[in-house]
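Both ligands and their constituent atoms are indexed starting at 1 by order of listing.
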Amino acid sequence: MHIFGPLSSRWTAYLGLLSALSAAFAPAVAVKEHDFKKCHQSGFCARNRAFADHALASDTWQSPYNILPESGSFKDGQYQAVILKTINDGGETVRLPITVSFLESGTARVTVDEEKRQKGEIELRHDSKARKERYNEAEQWVIVGGTTLDKAAKVDYEDKTQLTVKYGPSSKFEATIKFSPFSIDFKRDGNTQIKLNDRGLLNIEHWRPKIEKPEPEKKEGESTEENKAEETKVEEPKGEDESTWWEETFGGNTDTKPRGPESVALDISFVGYEHVYGIPSHASSLSLKQTRGGDGNYQEPYRMYNADVFEYILDSPMTLYGSIPFMQAHRRDSSVGVFWLNAAETWVDITKGKDSKNPLALGAKSKTSTHTHWISESGLLDVFVFLGPTPKDLTAKYGELTGTTAMPQEFALGYHQCRWNYVSDEDVRDVDRKMDKFKMPYDVIWLDIEYTDEKKYFTWDKHSFTDPIGTGKQLESHGRKLVTIIDPHIKNVDNYPVVAELKSKDLAVKNKEGSIFEGWCWPGSSHWIDAFSPAAREWWASLFKYDAFKGTMENTWIWNDMNEPSVFNGPETTMPKDNLHYGNWEHRDVHNLNGMTFQNATYHALVSRKPGELRRPFVLTRAFFAGSQRVGAMWTGDNQAAWDHLQASIPMVLSQGIAGFPFAGADVGGFFGNPEKELLTRWYQAGAFYPFFRGHAHIDARRREPYLAGEPYSTIIAAALRLRYSLLPSWYTAFRHAHLEGTPIIKPMFYTHPSEEAGFAIDDQFFVGNTGLLAKPVTEKEKFTVDIWIPDSEVYYDYFTYDVIPTAKGKTVTVDAPMEKIPLLMRGGHIFARRDIPRRSSALMKWDDYTLVVTIPRDGKRAEGDLYVDDGDSYDYQRGQYIHRRFVFDGAGKSLASVDADGREPGSVQEGEWMQKVRSVGVGKIVVVGAPTAWAGKKTVKVESEGKVWEAKLEFTPAAQGRAAFAVVKKVGARIGADWKVDFS
Ligand SMILES: *[C@@H]1O[C@H](CO)[C@@H](O)[C@H](O)[C@H]1NC(C)=O
């Protein structure tokens, strides 16, 4: 949540703090764009853009970075050398060690450091205690695997000017490192895919001492920052803008920059690629736009600097709450990508252009290439290069490096009911009862900050939350959970043991002088836990023990908000960049990691809440970075109750998925404002297809629990909730795949159909896992049809009516979407699992039988699908305590069979408690959509399983008026965990 909504009690307190400004705020103002930097207001971004302008405008530009050939050596899959950067006309150079690593996974990594800083041979200004090195610990937090060097990589060609290394699967990949100027071409199958420094925009701002100049004469009344900058500029040699090298002021906050200018920037070209995706989070399209002006393009680069951007604007490259600097480029039948491992403020410019010199432009037509320019404020230059060739390869290799989505608690895929705030125990219990009364399933109710005693986390409001355990037990009686918010700012008051310990144990983030940093957030004056510190994480864990955080129990889980971190009185609502973290790293270096380390600290705290209690934690985060997927879910922050925010949520959630963090959702209903009923209803219908499905509302928004909507809306919303619940087995299976393979949960068209160019920019429809379910939520007011683009020549059925959709590959089909309907198609050739008995929560469905839906493909030959089930709670699945079935319908053999998807022999796993209990769960019914006419008149089928054979009833309904024929096998009777076969012959 955030502050700048309509006036609220907390907000009023904050207004007191800023009383001088308060008159300027109108209630419910949209994001004040000018509170956040544009590139020209961010010194290093402006300098690098100017550098690019200069380089690209000049015919004679030569990048001043050259590999010193005799410094190079290649050994065990790694090339090491020194790049010399020429820094003046006198030929003076700076040494920049470079390592190019070729990894067994086929990924290449290019790392450039700066020798002087590496060796600490620099002087910091202002007696700073900050570290002298470029930040080199990002990988410690981010990279979890896939870094084994490829010993089989070998130098294929070498001379005085360049070196070519062959690497990757069957040595299909190739990197040509050119020495002068330095550049690298990455090829796959002999064709260039990615080029580094091809346009000569590599820029590593080397250390230099500050040369004190005489103060420029100040004229009367000309003391503003702008004037100062102007005056300095005039003095610059070669036009280089030095004005922000040593100090930078924005919004009244001055950054002292003790290490001077230190940015790293590089151009990365995707040769022949027209589309690039990724680098969330932005309220933008899935296929990223150009950023240097022109029709329909942005003027600003995409920015990644985690920030509390209240009421963000749409269709914008401005930064939001989290950052993942992973980009995929895609053209027909080929995906490649890069991961820019840097946690400092980062900007990415994107331009596209035809390149007739493009070696890939075989034939007459030249292809469009995408040129990107990556700019980070500090740290190493560290970039991973992926050569695909499929989108699946990209997400898999990226997942290997940064980890995949944690296997979630099963309940976490249910519906979450949140608002700021449920104000008392009784309020929570009442909502819980009403959801039941209106037969609306839900799993989790949430408590925002008001449950605390005056914003002191780990406490409860003494008047309104007197019996949280009683509340927790009421929830538990229907298998439900409570999520409470715990933020990283710790109230700075007397008689609060948490803050007292934070201070006495010295576990908080420090200011530039090295004393405890104090800033403002919800509680007023606050300190921030420094989750980079192992001791701080250990202490944090101690606070979550059941006997420490009294009032919590086994069904209490946690929400981490404001972890960008949000600091109300800080620059851009966050921490000063010269603050110091554990190890004396500046906040500047680790800013984008901050949210992840905090969420991770909470995750580990929950793992160790009670000795022996090994359960998967649920932690929602607002801020995130590459790797956050390993420890929980995210949501897209403080959106608005407006149709265009509903629209924007879909590409945003899709972007999360292709950037490796698919457990994502947007606040259903919109956080700020009051959604009209139609919007609220449509949002529930869309939200039922977010991997993370939570309704939430601002404190000043009217109550909008779904049962309050009134008819017909409440009934329609209940149906959307039930649809979600009936498909939970398929959602959970999709999470299993995300967990093992790094795949998205909801998949955009380019991902599932990488050969169909017309689908590459489509970002308002998606497939759910491998189910073949194609959803296109309605996101417009009074819109009662949608146009769905059909990516292939397979048959598509309406999910609800079994109508055969009149389709053709590459055509758009208009589908009816009256208020009560979610446009949802089933692609032929799939099998997916459901549970059809509506219940109050996912936990209560645990022992229900499954329904399998088989969608017969156009050619009638083969349908396939899978189902993954485990106890939904513990880590026992890691010891084989799970069921993973593969279902195959064989049209020729007229049979449907279930086999172990992982090839495990029956009886090969020692069955624990859950495995034994799940023996009672069976296949209830099988629905075959598009059933062959030959089945008409058939009354029974033969079922064979575990050495027995029996008959089950078959009901066949012939095709009629556009509806496909379908058949239902009732009371199948086979165990879900066993091998079985149904014979339809
Ligand atoms: C998460 O916490 C664990 C336990 O304290 C620690 O070992 C690990 O480095 C942390 N990782 C991140 C990303 O913060």
Side-chain angles (χ1 to χ4, degrees), residues 135-147 304 306 321-326 339-344 379-380 382 384 398-408 486-488 501-502 505-509 528-545 548 557-565 575 580-583 585 587 589-611 613-634 659-661 663 739 742 875 878:
Y135 184 61
N136 55 18
E137 294 185 354
E139 74 174 311
Q140 273 183 33
W141 307 104
V142 173
I143 304 296
V144 293
T147 52
M304 287 178 274
N306 298 353
Y321 309 86
S323 303
I324 304 178
F326 172 60
F339 172 45
W340 178 264
L341 177 50
N342 190 304
L380 301 180
D382 201 0
F384 293 78
Y398 174 74
E400 205 176 315
L401 284 176
T402 66
T404 55
T405 298
M407 200 56 215
I486 298 280
D487 288 350
E501 282 185 27
L502 178 75
K505 293 177 192 276
D506 194 20
L507 303 173
V509 181
W528 274 260
I529 175 189
D530 184 10
F532 289 88
S533 146
R537 293 195 300 273
E538 205 174 303
W539 169 71
W540 192 246
S542 73
L543 301 176
F544 288 85
K545 306 273 188 235
W557 302 102
I558 301 297
W559 169 16
N560 284 160
D561 198 348
M562 313 297 276
N563 51 337
E564 293 76 20
M575 265 184 193
L580 295 171
H581 287 264
Y582 176 75
W585 293 111
H587 185 71
D589 294 321
V590 300
H591 175 84
N592 284 344
L593 277 168
N594 186 81
M596 172 162 84
T597 57
F598 179 63
Q599 184 194 12
N600 175 70
T602 305
Y603 174 94
H604 284 277
L606 293 179
V607 171
S608 62
R609 239 183 330 189
K610 184 173 144 194
E613 186 197 48
L614 278 176
R615 301 169 64 213
R616 300 170 227 166
F618 173 78
V619 187
L620 179 77
T621 185
R622 191 170 69 183
F624 55 86
F625 192 64
S628 295
Q629 67 271 13
R630 305 189 299 257
V631 288
M634 64 73 71
F661 194 176
F663 197 2
H739 175 60
Y875 290 97
Q878 294 174 348

Where ligand 1 meets N600 - atom numbers and elements under 4.0 angstrom, heavy-atom basis: 1 (C), 2 (O), 3 (C), 8 (C), 10 (C), 11 (N), 12 (C), 14 (O)
Under 4.0 Å to a heavy atom of R630 - the qualifying atoms of ligand 1, by number: 13 (C)
Polar side-chain atom of T404 near backbone of H739 as donor-acceptor pair, under 3.5 Å: yes
Distance-only side-chain donor-acceptor flag, S323 / N306, under 3.5 Å: yes
Candidate with minimal heavy-atom separation from atom 6 (C) of ligand 1, of H604, R537, Q140: R537
Nearest-neighbour protein heavy atom for atom 13 (C) of ligand 1, which is reported as residue plus atom name and distance: W141 O, 3.4 Å
Atom OH of Y582: over 12 foreign heavy atoms under 6.0 Å: no
Ring geometry between Y398 and F326 (parallel below 30°, tilted from 30 to 60°, perpendicular above 60°): parallel
